[in-house]
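Scroll down for the structure; my scribbles are underneath it.
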Amino acid sequence: MLFLTFAVTCTTPSTWAHGSDQHVLGTVTLIDASHVEVKSPKGKTVDVQINKQTRFREKGNPKGKNLPQVGDRVVIEATKDNGSLIANEVHFSSAKKPAAPTQ
Amino acid sequence: MRTKLRVFIIAVVIGMVGTVGWMSYRLFTTGFSAKTEPYALEVFMARQIRHLAIPIEQRDKSNPVPFDADVLKESLAHFADHCATCHANDGSGKTPIGKNVYPKAPDLRLDETQSMTDGELFWVIHNGIRFTGMPAWGEGEPEKDLDSWKLVHFIRHLPKLTTGELDQMKAVNPKTPKQINEEAAFDKFLQGDDSAEAEAERDHHH
């Protein structure tokens, strides 16, 4: 039982689920046209697929056309499909300039 | 002649028993789970019955509300507040509820829905559909239910929905206190606060 508790708490990546919908929080370690790799503050790495329907929202510039870069913080709204996470919306803040706080 | 008739009746009875038996077997083996997809025959029959159940004069009714920017704005907010929980803002039906009811919420952008007449769409909104997750939203006389007619316009608009309109809908989607806390934690995380991760985790329950 202890082992099971340990396994569940220590191997779960930074994702929180509502059914098959999940949020992934972390820093981008790799990104290309088909997927983004995110490392959580606890050090877990999660791979999320990107497709044409994926929308990107930069904090402080939601209508901008920028894409997240390696080092940016992201909160990804994703759906689990056949064992893979598919990003619906990627919220990100650039590591280069601090995001303006929301009122 | 009599023998042929007898053979025909026996064949029909065997066919009916076989069909009912097969359907019962399939239903019982799934344990009546809502996770399964309905069979093509079931979908076809259900759609035909729904079509026939809508009175012809209702089916052929045209939308009494003229479409303009105000109607779009109003119906967009209405849909986001009342319908999106199951149908999703974009009408895809991909929400935790829409994907897990039986039958699953349809993708309203597709031909199966878009090919329905305005009168049929209105009827479904106003009266709901029995044995599905679709409730009856109409109250009183159908002629006075202008909000449902406005929703018909919005359903027609769904295939052309813009990113900006999706953002407007997100702003008016109903949220639980937990979802509000979770969004605040995500916001803090994006601003560089790592402790927000634990906060979001704490607020994320089922």
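No hydrogens, no waters, no symmetry mates; every other heavy atom, side chains included, goes into these values. Reminder, nothing fancy here: chain letters follow the sequence lines and each chain counts from 1.
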Just wondering, are more than 12 heavy atoms of other shown residues or ligands nearer than 6.0 Å to [atom1] in [X]?
X	atom1	answer
B:Glu112	CD	yes
B:Lys73	NZ	no
B:Leu52	CG	yes
B:Tyr39	OH	yes

Would you compute the distance between atom [atom1] of [X] and atom [atom2] of [Y] and round it to the nearest 0.5 angstrom?
X	Y	atom1	atom2	value
B:Lys170	A:Glu89	NZ	CD	3.5 Å
A:Asn88	B:Lys94	CG	NZ	8.0 Å
A:Thr27	B:Phe189	OG1	CZ	5.5 Å

Part of B:Asp90 within contact of chain A (heavy atom distance under 4.5 Å): neither

Under 4.5 Å from a heavy atom of chain A, the part of B:Ile97 involved: neither

Would you give me the side-chain donor-acceptor pairs under 3.5 Å for residues 157-164 of chain B, sequence neighbours excluded?
unit_1: B:His157; atom_1: NE2; unit_2: B:Glu165; atom_2: OE1; d: 3.0
unit_1: B:His157; atom_1: NE2; unit_2: B:Glu165; atom_2: OE2; d: 3.1
unit_1: B:Thr162; atom_1: OG1; unit_2: B:Glu165; atom_2: N; d: 3.1
unit_1: B:Thr162; atom_1: OG1; unit_2: B:Glu165; atom_2: OE1; d: 3.4

Chain B interface, residue from A:Arg55, A:Arg73, A:His91 that has the most non-hydrogen pairs under 4.5 Å: A:Arg73

Contacting region of A:Glu77 [heavy-atom separation from chain B under 4.5 Å]: side chain

What residues, two or more places apart in sequence or in another chain, satisfy side chain to side chain contact (heavy atoms under 4.5 Å, CB included) together with B:Glu74? B:Asp147, B:Lys150

